[in-house]
Amino acid sequence: MISKKLEEAVNAQIQAEMYSANLYLSMSAYFRSKGLDGFAHWMYIQYQEEMFHAMKFFNYLFSRGGRAEIREMEKPATDFDSPRDVYEKALKHEQLVTSLINNLHEIAIEENDYAFQAFNQWYIDEQVEEEESAQGIIDKLDLAGEGGIYWVDKELAARTFTPTNPGEGEV
Ligand SMILES: [Fe+2]
Ligand SMILES: [Fe+2]
């Protein structure tokens, strides 16, 4: 059984993951409005991944005798200055999420919840990838320069999302 304290923190994390999903969907809409369909596609996949993160926590709470709660979320930003601005904001956001995931881990250590620590390791590893991929696109944009945005857009169009089971009890 999950402790009340950890259940509360996981519920807050579900909102953070769903907020991330909304933020990336908003970034996808921004790119689409600019005719940058490859960037829009990449961000749409990012949205799907964040919903997957949220659902994995959602299902986990039930498997540990807790319950998930869906709460109100802040409106994400809708306007950005450039593709680079979008990815800088995405990187900053992922750095914040990394600190939230680390904080969850600290609570699980305090609560002696070893099962949660094992489960949360997946998110710790995922955050390394999330920060790396946002930084990687910033680097590509810097290399490509203004005139190379078209080529980066073409490359990002190839991203795929392979959904796996986000946990037991999936409905
Ligand atoms: Fe996430
Ligand atoms: Fe993320």
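Counting convention: from 1, in listed order, for ligands and their atoms alike.
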> Number of protein N/O/S atoms less than 2.8 Å from the Fe ion (ligand 2)?
Replying inline: 4
>> Is the distance from the ring center of Tyr24 to that of Tyr47 below 6.0 Å?
In response: no
>> side-chain contact (heavy atoms from CB on, under 4.5 Å) for Phe57 and Asn11? Distances and angles first, verdict last.
In response: CA-CA 8 Å; Phe57 278 125; Asn11 267 314; over 6 Å; no
> Would Asp139 and Leu143 count as a side-chain contact (heavy atoms from CB on, under 4.5 Å) if you check the C-alpha gap in whole Å, the side-chain angles of each, and the deciding distance to 0.1 Å?
Replying inline: CA-CA 6 Å; Asp139 295 345; Leu143 271 173; 5.7 Å; no
>> Once salt bridge (charged side-chain N to carboxylate O under 4.0 Å, His left out) is applied, what residue pairs with a partner in residues 42-57 remain, sequence neighbours excluded?
In response: Glu49-Arg159
>> Apply side-chain contact (heavy atoms from CB on, under 4.5 Å) to residues Asp113 and Ser3 and explain how you reach the verdict.
In response: CA-CA 8 Å; Asp113 192 331; Ser3 72; 5.8 Å; no
> So, do Tyr87 and Trp42 have ring centers that fall under 6.0 Å from each other?
Replying inline: yes
